[in-house]
J.: 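Handing you a structure now.
The model shown is predicted, which means the values in this text are computed figures rather than measured ones.
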Amino acid sequence: MKFESALLAALTLAAATSGAHAAPKWDARYYNPGKDPKAAEGDVILPMPCDGAMAFRKVVVPVGRPMDDYLVNVGEQSPEYPFVTQARQAYIAGSFTEPGKNPSSRYYLMAKYELSVLQYQSLQTLEGDPGKTCPTPEQIKLLPVTGISWFEAQNLANRYSVWLRTQQKNVLPKEDGISGFVRLPTEVEWEFAARGGMGVDSAARAEARYPMDGELRDYEWYGGPQSANGKAQLVGRLKPNPLGLYDMLGNVAEMTSDAFHLSKLDRPHGGTGAYVIRGGDFRSKEADLRSAARREGNYYDEDGDMKDKTVGVRWVVAAPELTSKGRTEQLEKGWAELGSGQVSADAANKGKSAVEELGDLAGKVEDGKLKEQLKDLEGKLRASNLAQEEARDQAIRASLNLGAFLCTKLRDDGRYVQFVQKTYSEVCAATPDAADCAQYKSNIEKRRYELGETTQYYASSLIDAATLYGRENIAKQVPVILKTLEQNEKLKGLMPYLSVYWGNQQAYLKTWKVDKDGWLAACVAAVKN
């Protein structure tokens, strides 16, 4: 109750400062029933009709500019039904810009829990039927709502978005001054969040399930007496995934906004079916609960709208892409820069890239067919350049990650050498020739040699990356990797060492002098315990 009181106080303060809405009258356990109070840090609480609320979590994507997006791996290569589930690469970008002078990330909001019966009933009062009154909050109404059609899920999201705009001004997050809206997630949005998003590293995101500290039954409901036992369970009763999202892989499956495609080896099949359902449910076998699990949901059965008792709803909050004339101009500028390539070394071209030169040439050609061929070639060159630039940026981020890790290694090894040297000086000052002291001295020399080797590797990595990529390219990726580390509790501790590594690299790029001793000292002094 202490946590719930604090949460209500925070919501009341937010309402008072924004003038947007009053705190929900539902007790927090009816809209935020998760058992771990720490997991509520960072929640975004949106009001609902009937004095209710819905909890959302930020799903951060570490790219900031309007045309930027982030490469992720989705799906899996499954020997069973390979035409349904396929490993592939996809791209994701959040709708909303993180606040800050130099934003390095964007985000979308995803509902923390599956839509509950209580929340569903509160939204039904928006239909204008006088017979539908506000529901009484009860624990049994925290079951996920099922048995509603895809169309009803979309219509509910629409009514909720309209209500938020008309009755709860300025509550929704805004992008470029335009309020967001509630909708079903895309497949990629759903899977990125289900895998743990930036709350885990890329290796963990590639696993069949997000990392779990314990058994699957501690986190997800699935079929069998050890878990759901054939029935849907109250939302939020188990542990959340690394993003603080509950019941992502089990309990009830979840609708998405995407049309269903089969998989055809390296691409989606050209046929388009109904819609995609993601995740498993309370009937699924334990082995079938995977981040990549997907199936087709039908819009209709032979009696009308299809309503599935195993499928529920989890919404996201997103924003339009073309929000204003200014944003459109930003997108136009960003698009023109995509794949523009390196500036020409030919002074006669006044610093133009090969793409720009080709565009200029196409503009001077009068033959229509040749002009079309040159423009097509320009597009292909830009696409090729863009692929190389994105591969380069990924390599830069990997080098920054390595540099930060090596800096921690230098810290540990350097401090150990300092400790051993200090101990030797204190113990062996009077008897340096004693057998124990001779062994101690040999150990110091060994540790110094190992520290020298690590320092040499650190310096070589720093210099190679600085020389290969240059300051401008590296500088663009530093905020991206910082945001990546910030979102991962296990990697957050690397942030100060990344800053030290980047500082050492900048010093080298400015002076072109190798300062191994100075770089070592900076890493050793980076964070004092």
J.: Do any N or O atoms from the side chain of Ser95 and from the backbone of Ala318 form a donor-acceptor pair under 3.5 angstrom?
T.: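 No; judged by distance alone, with no hydrogens or angles, the pair does not exist.
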
J.: Using a 3.5 Å distance criterion without hydrogens, assess whether the side chain of Glu296 forms a donor-acceptor pair with backbone atoms of Phe260.
T.: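 The answer is no, because no donor-acceptor pair under 3.5 Å joins these two groups.
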
J.: Check this for me, if you would: do Lys492 and Glu486 make a salt bridge, where the nitrogen-to-carboxylate-oxygen distance has to be below 4.0 angstrom?
T.: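 No, Lys492 and Glu486 are not salt-bridged.
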
J.: Run the salt bridge (charged side-chain N to carboxylate O under 4.0 Å, His left out) test on Lys58 and Glu98 for me, step by step, so that the C-alpha distance in whole Å, both residues' side-chain angles and the decisive distance to 0.1 Å come before the verdict.
T.: CA-CA 10 Å; Lys58 281 186 178 182; Glu98 284 271 69; 3.1 Å; yes

J.: Quick one: do the Gln487 and Tyr107 side chains pair a donor with an acceptor below 3.5 Å?
T.: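 No pair is found: no donor N or O on one side chain lies under 3.5 Å from an acceptor on the other.
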
J.: Under the criterion side chain to side chain contact (heavy atoms under 4.5 Å, CB included), I'd like the reasoning laid out for Arg205 against Asp201: C-alpha separation, chi angles, the key distance, then a yes or no.
T.: CA-CA 6 Å; Arg205 278 200 305 276; Asp201 58 39; 5.9 Å; no

J.: Please step through side chain to side chain donor-acceptor pair (under 3.5 Å) for the pair Thr97 and Arg106, ending with a clear verdict.
T.: CA-CA 4 Å; Thr97 303; Arg106 298 168 69 81; 2.9 Å; yes

J.: Partners of Tyr113 by side-chain hydrogen bond (donor to acceptor under 3.5 Å, both in side chains), sequence neighbours excluded?
T.: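 Testing Tyr113 for side-chain hydrogen bond (donor to acceptor under 3.5 Å, both in side chains), a comparison that skips the adjacent residues, returns Asn32.
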
J.: Measure the spacing between CG of Leu520 and OG1 of Thr454 and express it to the nearest 0.5 Å.
T.: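 Separation between the atoms: 9.5 Å.
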
J.: Examine the side chains of Trp163 and Gln168 and answer whether a donor and an acceptor come within less than 3.5 Å of each other.
T.: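 Per modelled atom types, Trp163 and Gln168 side chains form no pair under 3.5 Å.
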
J.: So does Glu189 pair up with Arg183, basic N to acidic O under 4.0 Å?
T.: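 Salt bridge between Glu189 and Arg183, a charged N being under 4.0 Å from a carboxylate O: yes.
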
J.: For Arg327 and Gln330, does a side-chain donor sit closer than 3.5 Å to a side-chain acceptor?
T.: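 Looking only at side-chain atoms, Gln330 and Arg327 do form a donor-acceptor pair, the distance falling under 3.5 Å.
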
J.: So, Thr256 versus Arg278: side-chain donor-acceptor pair below 3.5 Å or not?
T.: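 No donor-acceptor contact under 3.5 Å links the two side chains.
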
J.: Side-chain contact test, heavy atoms from C-beta onward, threshold under 4.5 Å: evaluate it for Tyr70 versus Met198 and give yes or no.
T.: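 In contact.
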
J.: So, the side chain of Glu220 versus the backbone of Leu249: is there a donor-acceptor pair under 3.5 Å, distance only?
T.: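 Yes.
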
J.: Would you say the side-chain atoms of Tyr458 and Asn504 include a donor-acceptor pair closer than 3.5 Å?
T.: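 Looking only at side-chain atoms, Asn504 and Tyr458 do form a donor-acceptor pair, the distance falling under 3.5 Å.
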
J.: Is the shortest distance from a Lys or Arg side-chain nitrogen in Asp43 or Arg57 to a carboxylate oxygen in the other one below 4.0 Å?
T.: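 Looking at Asp43 and Arg57, the cut-off is met.
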
J.: Do Arg195 and Glu207 pass the salt bridge (charged side-chain N to carboxylate O under 4.0 Å, His left out) test, and can you show the C-alpha distance, the side-chain angles, and the key distance before you say yes or no?
T.: CA-CA 8 Å; Arg195 289 184 178 275; Glu207 296 289 344; over 6 Å; no

J.: Output yes when a side-chain donor or acceptor of Ser291 lies under 3.5 Å from a complementary backbone atom of Ala208, and no otherwise.
T.: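 Answer holds: yes.
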
J.: Does the ring pair (Phe, Tyr, Trp, His ring centres under 6.0 Å) test come out yes or no for Phe96 and Tyr108, once each step is laid out?
T.: CA-CA 6 Å; Phe96 304 101; Tyr108 57 96; 9.2 Å; no

J.: Is the closest basic N to carboxylate O distance between Asp376 and Lys380 below 4.0 Å?
T.: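 Lys380 and Asp376: salt-bridged.
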
J.: With no hydrogens and no angle check, is any side-chain donor or acceptor of Gln505 less than 3.5 Å from a backbone partner on Leu462?
T.: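 Yes, the answer is positive, given that a donor and an acceptor are paired below the 3.5 Å cut-off.
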
J.: Looking at Glu114 and Glu254, would you say the former's side chain and the latter's main chain have a donor-acceptor pair under 3.5 Å?
T.: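 Answer holds: no.
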
J.: Measuring from atom CH2 of Trp150 to atom CG of Leu184, what distance do you get when rounded to the nearest 0.5 angstrom?
T.: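 Those atoms lie 7.0 Å apart.
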
J.: Heavy-atom distance under 4.5 Å between the side chains of Arg159 and Leu156, does that happen here?
T.: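 In contact.
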
J.: Apply side chain to side chain contact (heavy atoms under 4.5 Å, CB included) to the pair Val63 and Lys483, showing each step before the final yes or no.
T.: CA-CA 9 Å; Val63 291; Lys483 178 58 70 172; over 6 Å; no

J.: Answer with yes or no after comparing the ring centroid distance for Phe181 and Tyr160 against a 6.0 Å cut-off, counting only values under it.
T.: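 Ring-ring flag for Phe181/Tyr160: false, centres at least 6.0 Å apart.
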
J.: Donor-acceptor pair, Ser122 side chain versus Gln119 backbone, under 3.5 Å?
T.: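 It does hold such a pair.
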
J.: Give the C-alpha distance, both sets of side-chain angles, the deciding distance and a yes or no for salt bridge (charged side-chain N to carboxylate O under 4.0 Å, His left out) between Glu372 and Lys375.
T.: CA-CA 5 Å; Glu372 185 178 331; Lys375 293 301 291 182; over 6 Å; no

J.: Is it true that, when you exclude Phe151 itself, more than 12 heavy atoms of the residues, nucleotides or ligands shown sit nearer than 6.0 Å to its CZ?
T.: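 Yes, enclosed.
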
J.: Checking side-chain polar atoms at under 3.5 Å, does Tyr469 have a donor or acceptor matched by the opposite partner on Arg392?
T.: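 Tyr469 vs Arg392: no donor-acceptor pair found between side chains.
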
J.: Do the rings of Trp519 and Tyr508 sit parallel, tilted or perpendicular, given the 30° and 60° boundaries?
T.: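 Because their plane-to-plane angle is over 60°, the rings of Trp519 and Tyr508 count as perpendicular.
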
J.: Indicate whether any N or O donor in one side chain lies under 3.5 Å from an N or O acceptor in the other, for Gln154 and Tyr275.
T.: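 Absent: no donor and acceptor within the cut-off.
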
J.: Can you check whether Glu337's main-chain N or O pairs, donor with acceptor, with Ser340's side chain at less than 3.5 Å?
T.: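 Yes; at least one donor-acceptor contact below 3.5 Å.
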
J.: Any donor and acceptor pair, going by atom type alone, linking the side chain of His261 with main-chain N or O of Gly271 inside 3.5 Å?
T.: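 Yes; judged by distance alone, with no hydrogens or angles, the pair exists.
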
J.: Under 3.5 Å, is there a donor-acceptor pair between the side chain of Asp247 and the main chain of Gly236?
T.: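 Judged by distance alone, yes, a pair lies under 3.5 Å.
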
J.: Decide side chain to side chain contact (heavy atoms under 4.5 Å, CB included) for Lys371 and Asp367; before the verdict, give the C-alpha distance in whole Å, the side-chain angles of both, and the deciding distance to 0.1 Å.
T.: CA-CA 6 Å; Lys371 183 188 289 286; Asp367 183 290; over 6 Å; no

J.: Apply side chain to side chain contact (heavy atoms under 4.5 Å, CB included) to residues Trp190 and Met248 and explain how you reach the verdict.
T.: CA-CA 9 Å; Trp190 188 94; Met248 280 298 293; 3.8 Å; yes

J.: Return yes if a side-chain donor-acceptor contact under 3.5 Å exists between Thr186 and Asp258, otherwise no.
T.: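 No donor-acceptor contact under 3.5 Å links the two side chains.
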
